[in-house]
Amino acid sequence: MSSIVNASIVRASTVDHASCGMRVRWGIGIVLLLALCVATSCAKPPTMRAGVATETITPTELPFWLSGYAARTSPAHEVRQQLFAKALAMEDAQGARSVIVTIDIIGIPRALRNAVAEDVERQFALPPSALLLNCSHTHSGPAVRENLEVLFSFDEQEKAKTARYREFLRQRIVAAVGGALAALAPAKLSYGEGEASFAINRRAQRFLDEDPTAKPISPVDRSVPVLRVERADGSLLAVLFGYACHNTTLTAEFNAVAGDYAGFAQEQLQQAYPGATALFLMLCGGDQNPHPRSKAELAPQHGKTLAGAVQAVLAKPASLEAVEGDIRGSLRFERLPFAPHARADFEAGRNHENIYQKRRAEWVLGRMDKGEDLSAVDYPVQVLRVGERFGLVGLGGEVVVDYGLNIKKAYPGLRLVVAGYTNDVMCYIPTKRVLAEGGYEADDSMMYYGQPGKFAPEVEDRLMGAVEATMRDAGFRGR
Ligand SMILES: [Zn+2]
């Protein structure tokens with residue numbers, strides 16, 4: 001639209017020889033065009049390109065074991081809601097690309113992430129640093145081995161079935177990436193934030209349950225980041241949104257495939273904006289639960305609340321900030337050390353009366369026998385930057401909310417989205433405070449993840465240092 005206005009101005013300036021009346025008519029024409037331009041908020045044509053693709057990843061070989069709750073004693077026989085892998089590809093004016101994939105599963109194991117990244121690099125020439133895989137952490141999704149391996153004791157038939165699912169999932173994620181890249185077309189990106197209030201700090205709630213007079217530290221992050229992606233004609237192509245809260249509205253007794261509140265929020269947004277793809281990013285919700293929970297109707301209710309927060313942001317396009325400029329992805333791995341542990345403890349653990357302690361001991365000894373380094377986690381930190389101010393920070397594991405809050409606070413001039421559950425979900429990631437307080441996220445949960453024990457206190461400083469370095473790699477200036 002702006003090029004038409006420029007052409008009109010050029011043509012108007014070349015009519016000096018024409019009559020005065022002609023000049024007046026040209027002048028009126030320019031004013032009308034400018035007025036029309038303002039009325040339709042036309043701006044320069046898009047400099048970015050974007051594309052989306054969706055692949056269904058619902059397990060087809062039912063019954064199938066769902067993952068996330070130790071209390072489940074049987075596989076799921078029904079599908080309440082389909083599950084998806086959705087890819088959003090972005091490209092800048094120079095042709096640099098990145099792809100964000102959101103996946104309705106409990107967590108992605110490193111080996112699967114690596115296999116996907118290798119395929120994607122080979123088939124589409126997209127480097128691993130530009131590919132971000134985020135999991136919704138739905139507790140009503142399929143088991144994806146070896147994530148939470150200690151929860152299960154599969155027989156050979158079940159192992160073969162889960163192996164087939166993992167291969168299916170790999171192919172579907174790669175297909176989603178390829179589809180999104182193939183669909184790249186001119187697009188405008190913009191960013192805003194809303195708020196939803198159904199997340200609570202579940203650790204603080206547990207402390208209060210034990211002692212109602214306790215005054216626990218209780219951080220929450222109720223912000224709902226929203227990345228709006230519109231086609232050149234102004235229609236909505238995609239909306240990428242996130243929330244820092246476990247997808248655990250549906251508790252263990254609801255043994256059917258579903259995406260929990262995130263699945264319902266995506267569904268609602270896609271119904272509200274036909275032709276658009278809604279992608280949910282799980283943020284740093286390691287210690288956050290939806291409240292209330294444990295009733296089937298609450299998952300669509302929380303989904304509606306979250307979708308409503310996103311719709312409120314989309315309804316005010318003038319309040320959004322344009323996201324455009326150079327795209328750059330960076331990916332680092334940092335060693336997060338465990339507190340010291342001894343092989344003898346796991347030898348003794350083989351005879352533990354708790355079945356999960358026993359399985360963990362066997363799992364850890366198996367890893368030790370294979371020569372794996374169990375002194376630390378090789379931890380992924382990724383940053384995808386678009387332009388000068390927008391960045392998506394992707395952290396591995398079940399990251400507690402303090403990290404999201406602290407990282408955003410450390411870069412006040414930027415519009416940062418900080419996601420956990422990205423590229424590898426190997427265990428919970430506590431802060432120094434959470435480690436000192438103890439409890440499930442600091443200690444007990446490590447058993448289900450087959451990790452040797454809790455982290456050393458330097459986990460927080462190491463992680464924050466890795467974020468700072470990765471931000472620099474991505475082209476953001478220092479804090
Ligand atoms: Zn969790």
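As the structure is a computational prediction, the values presented were derived from the model and not from experiment. For ligands, and for the atoms within them, numbers begin at 1 and follow the listed sequence.
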Item checked: Carboxylate-amine/guanidinium contact Asp473 Arg332, below 4.0 Å -> yes
Next item on the list: Could you tell me the separation between the CD atom of Glu441 and the OH atom of Tyr428, rounded to the nearest 0.5 Å?
Entry: 5.5 Å
Check: Within His137, is some N, O or S atom less than 2.8 Å away from the Zn ion (ligand 1)?
Finding: yes
Notebook entry, point to check: Are Glu362 and Arg359 ion-paired here, with the side-chain N under 4.0 Å from a carboxylate O?
Noted result: no
Checklist line | Minimum heavy-atom distance between Cys245 and Asn289, given as atom pair plus value | finding: SG-C, 3.4 Å
Note to self: Restricting to N, O or S, what is the name of the atom of His246 that lies nearest the Zn ion (ligand 1)?
What the structure shows: NE2
Checklist line | Closest Glu398 atom to the Zn ion (ligand 1) [N, O or S only] | finding: OE1
